[in-house]
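Since the structure comes first, as structure tokens, the remarks are kept for the end.
Since the model is a prediction, treat every value here as computed from it, not as a measurement. Chain identifiers are assigned alphabetically (A, B, ...) following the order of the sequence lines, protein sequences preceding nucleic acid strands; residue numbering begins at 1 within each chain.
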2 protein chains.
Amino acid sequence: MSIRSRYHHGDLRSALLERAEATLRKVGVDGLSLRQLARDIGVSHAAPSRHFRDKQALLDELAASGFERLGQRFAEAATAEGPVTERLYGMARAYLRFAMDNPELLALMFTRKQRSTSPDLSASVQHAFAVPVALIASGQEAGEIVAGDPKRIGITCIAALQGVATLVGSDFTDYDADQLLRDMVRHLTDGLRPRP
Amino acid sequence: MSIRSRYHHGDLRSALLERAEATLRKVGVDGLSLRQLARDIGVSHAAPSRHFRDKQALLDELAASGFERLGQRFAEAATAEGPVTERLYGMARAYLRFAMDNPELLALMFTRKQRSTSPDLSASVQHAFAVPVALIASGQEAGEIVAGDPKRIGITCIAALQGVATLVGSDFTDYDADQLLRDMVRHLTDGLRPRP
DNA sequence: ACCTGAACACCGTTCAAGT
DNA sequence: ACCTGAACACCGTTCAAGT
């Protein structure tokens, strides 16, 4: 960061992403403007276009990085000690923690506008989702989970968690997140139909 | 609509809401601008402010009307013939149909930004959610559903459906909506833990 | 290669003034 | 009561020109 190199920022791309995520957290997507981002970083308002084709491209990268981090948290929970169902519950808690720590980012991750999903984003999603699917497959081997395509069961679980995250974030209910999550896990595990 | 009354629109408020929903469906929230709406209707760009404090107020009303219609569809499904579990499945299908018919509206309905929810919207939500809760309560009486606070079980079901709708709308998965929904209903009904 | 400055076509919101 | 027109302070995107 010599005085000479202040004209060329050096790593404007990373700086934009970093600042964008901070702004997203503080003021939400609607409050995020490329011009303000550029101002914050101290660069002209036209500079970002060198690194992101348009605003949506920057948002797509934020979403992709979100899925990468979510995938990491999944992986940590999946490789913990204990029976599969315990680890699945750990993953569920990791999901909800991520959702509550990054509510605006999560909304961005699952809002696909009417644009085609970028290959980058798609790869991050597949990578993240693969973790619970694998865990479910090993749960089936251990006889802890019913038979069936682990991919389909995994997607069902992710959908359930995403729903909990959405409801928690919408404050349409007074139940706290932990209780909602426990209810969901319990009912999805044991079923709503009474067991004999 | 006499020539004399063209200056005063007459029912600008309704016209704005109607046009806004059509635009929402066509180009999404991001493509929705008050100025364009005013232009479409043939009124000055400042006119909408008489009827909606700001853009968010109009979006809130759209969301509220969404919940009202969703509640109606719920009520229809709830009062159908057959056992409770059948009617719950009918409600689930109604939810997903609504989600697929109004993807942008649904996103709007569940995206609460970081603003306080308007009382109007909150009332619509409570009204809509009350339907599945009541159905679950009668399912418990019939012995078709496990014991527990019907409100909490109902919220769990809605979360599950909302999650399915989100995943279907995000096109992160290739599974079609019906299959995803059937999987969710089956697993939530019977549980992921093997039954003896 | 990377950034600037000006330009273009938009926004939401406000407010005196008109009917 | 309801709407207009002008004004203000913003946007995203593009593009010749600078270093």
Exercise for the section: Just do the side-chain contact (heavy atoms from CB on, under 4.5 Å) check on B:Leu192 and A:Cys157 with the steps written out, would you? Expected result: CA-CA 10 Å; B:Leu192 289 175; A:Cys157 291; 3.7 Å; yes
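- Atom-to-atom, CD1 of A:Ile41 to P of C:dT4 comes out at 11 Å; the value is rounded to the nearest Å.
- To the nearest angstrom, C1' of C:dC3 lies 16 Å from CZ of A:Phe52.
- Remark: B:His51 is not in phosphate contact with D:dC2, judged by side-chain N or O atoms under 4.0 Å from OP1 or OP2.
- Side chain to side chain, A:Asp40 and A:Gln36 meet the donor-acceptor criterion of an N or O pair below 3.5 Å.
- With hydrogens and angles left out, the side-chain atoms of B:Glu68 and B:Ser124 include a donor and acceptor closer than 3.5 Å.
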Handout entry: Dot-bracket encoding per residue of DNA chain C, Watson-Crick/G-U cut-off under 3.5 Å, | denoting interstrand
Key = ||.|||||...|||||.||
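- Aromatic ring centres of A:Phe98 and A:Phe67: separated by at least 6.0 Å.
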Handout entry: side chain to side chain donor-acceptor pair (under 3.5 Å) assessment of A:Gln72 paired with A:Arg69
Key = CA-CA 5 Å; A:Gln72 284 166 17; A:Arg69 275 176 288 161; over 6 Å; no
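- For A:Arg87 and A:Tyr89, the positive end is not near the middle of the six-membered ring at less than 6.0 Å and at most 45° from its axis.
- Between B:Phe172 and A:Phe110, the ring planes are perpendicular. Angles over 60° get that label, and only those under 30° would be called parallel.
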Handout entry: Per-nucleotide protein contact string for nucleotides 7-16 of chain D, where B marks a base within reach and S marks sugar-phosphate only (heavy atoms under 4.0 Å, - for neither)
Key = B---BBBBB-
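- Exactly one of A:Thr79, A:Thr85, A:Val84 qualifies for a side chain to side chain contact (heavy atoms under 4.5 Å, CB included) with A:Leu135. That residue is A:Val84.
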